[in-house]
Amino acid sequence: MPSTKRIQFTATIKAPAGVVWRHVTDPESYRRWASAFAEGSCFEGSWAPGAKIRFLAPSGDGMVSEIAESRTHEFLSIRHLGLIANGVEDTTSEAVRAWAPAYENYTFLPTTEGTTMVVDQDVSAEWEDYITEAWPKALGILKALSESSAVAGGLAPRSEGPGA
């Protein structure tokens, strides 16, 4: 049984859910808001349900995950399965089994002002302080990206399906 606790973060964003979704999943926008966790962060893979996705720091270390659920512009659930260190995926070690699987869920709630984004993240005690500090920064960047796009009419939401 994984030893994690779920923590929650919320941001009110003056942009439609589709714009916020696009900034969450677009590779270039992801690099910008995920820099709150590690400068140069990126992802490899797809946001489609069941797809494998890797979240990587510039060193190549990171997380190996899969998309547990994806409802475009509404909900995205990431199931973190293990770590990547020195290019090697670890999903079976005792250290990983102590916390995996862990979920990171994004809920996009339409409001009259735009979107309330709710992030629910499973986190182990050793990472709680780091995550608690980084998520508000990440959401601030995501908010700025989404609101500037909504005003400028840039980066319009895609409608061709999950992770498109």
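These figures come from a predicted structure and were not determined experimentally.
- Hydrophobic clustering (ILVMFWY, side-chain heavy atoms < 4.5 Å, transitive): Ile141 and Phe108 are in one cluster.
- With rounding to the nearest 0.5 Å, the separation of NZ in Lys14 from OG in Ser146 is 13.5 Å.
- When the side-chain contact (heavy atoms from CB on, under 4.5 Å) test is applied to Glu28, the partners found at least two apart in sequence or on another chain are Asp26, Arg31.
- Tested against Val24 for a side-chain contact (heavy atoms from CB on, under 4.5 Å), the candidates Val19, Leu142, Val119, Leu145 yield a single pass: Leu142.
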Ignoring hydrogens and angles, write down the donor-acceptor pairs under 3.5 Å from the side chains of residues 34-44, residues two or more places apart or on other chains.
{"residue": "Ser35", "atom": "OG", "partner": "Arg32", "partner atom": "O", "Å": "2.7"}
{"residue": "Ser41", "atom": "OG", "partner": "Ala38", "partner atom": "O", "Å": "2.6"}
{"residue": "Glu44", "atom": "OE1", "partner": "Arg54", "partner atom": "NE", "Å": "3.3"}

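- Residues that satisfy the side-chain contact (heavy atoms from CB on, under 4.5 Å) test with Phe75, not counting sequence neighbours, are Glu69, Arg71, Ser77, Asn105, Thr107.
- A donor-acceptor distance shorter than 3.5 angstrom exists from the side chain of Thr115 to the backbone of Ala15, with no hydrogens or angles considered.
- One distance of note links OG of Ser149 with CZ of Arg22; it measures 9.0 Å at 0.5 Å rounding.
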Walk me through it: do Val123 and Ile131 pass the test side chain to side chain contact (heavy atoms under 4.5 Å, CB included)?
CA-CA 8 Å; Val123 63; Ile131 294 297; 3.8 Å; yes
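- Between the side chain of Asp61 and the backbone N or O of Gly87, no donor-acceptor pair lies under 3.5 Å.
- Ile84 and Tyr130 are assigned to two separate hydrophobic clusters, defined by single-linkage of ILVMFWY side chains at heavy-atom distances under 4.5 Å.
- By the 4.5 Å side-chain criterion applied to Ile, Leu, Val, Met, Phe, Trp and Tyr, Leu109 is assigned to a cluster that also includes Val118.
- Residue-environment remark: CD (Glu133) stays at or below the threshold of 12 foreign heavy atoms within 6.0 Å.
- Looking only at side-chain heavy atoms (C-beta outward), Val20 and Ile13 come within less than 4.5 Å of each other.
- Within the 3.5 Å criterion, the main-chain N or O of Ala98 finds a donor-acceptor partner in the side chain of Ser3.
- Leu81 approaches Val96 most closely through the heavy-atom pair O-CG1, 3.6 Å.
- Glu104 is linked by a side-chain contact (heavy atoms from CB on, under 4.5 Å) to Ile78, His80, Tyr106, Gln121, Trp135, counting only residues two or more places apart in sequence or in another chain.
- Formation of a donor-acceptor pair under 3.5 Å by the Ser46 side chain with backbone atoms of Ala48 is found in this model.
- No chain of hydrophobic side-chain contacts below 4.5 Å, direct or via other Ile, Leu, Val, Met, Phe, Trp or Tyr residues, connects Tyr103 to Trp47.
- With hydrophobic clusters built from ILVMFWY side chains whose heavy atoms lie under 4.5 angstrom apart, Phe9 shares a cluster with Phe55.
- Inter-residue side-chain proximity for Thr10 and Thr116 is flagged as met; some heavy-atom pair is nearer than 4.5 Å.
- A salt bridge links Asp122 to Arg6: one of the charged nitrogens lies within less than 4.0 Å of a carboxylate oxygen.
- Side-chain atoms of His73 and Trp21, non-hydrogen and from C-beta on, do get closer than 4.5 Å to each other.
- Annotation: the span from Thr91 atom OG1 to Met63 atom CE amounts to 11.5 Å, rounded to 0.5 Å.
- Under a hydrophobic-cluster definition in which Ile, Leu, Val, Met, Phe, Trp and Tyr are linked whenever side-chain heavy atoms come within less than 4.5 Å, directly or via other members, Trp33 and Leu139 are assigned to the same cluster.
- At distances below 3.5 Å, at least one donor-acceptor pair connects side-chain atoms of Lys143 with backbone N or O atoms of Thr12.
- Listed by chain and number, the residues in a side-chain contact (heavy atoms from CB on, under 4.5 Å) with Thr92 are Asp90 (sequence neighbours excluded).
- Judged purely by atom type and a 3.5 angstrom limit, Glu66 has no side-chain atom pairing as donor or acceptor with the backbone of Gly50.
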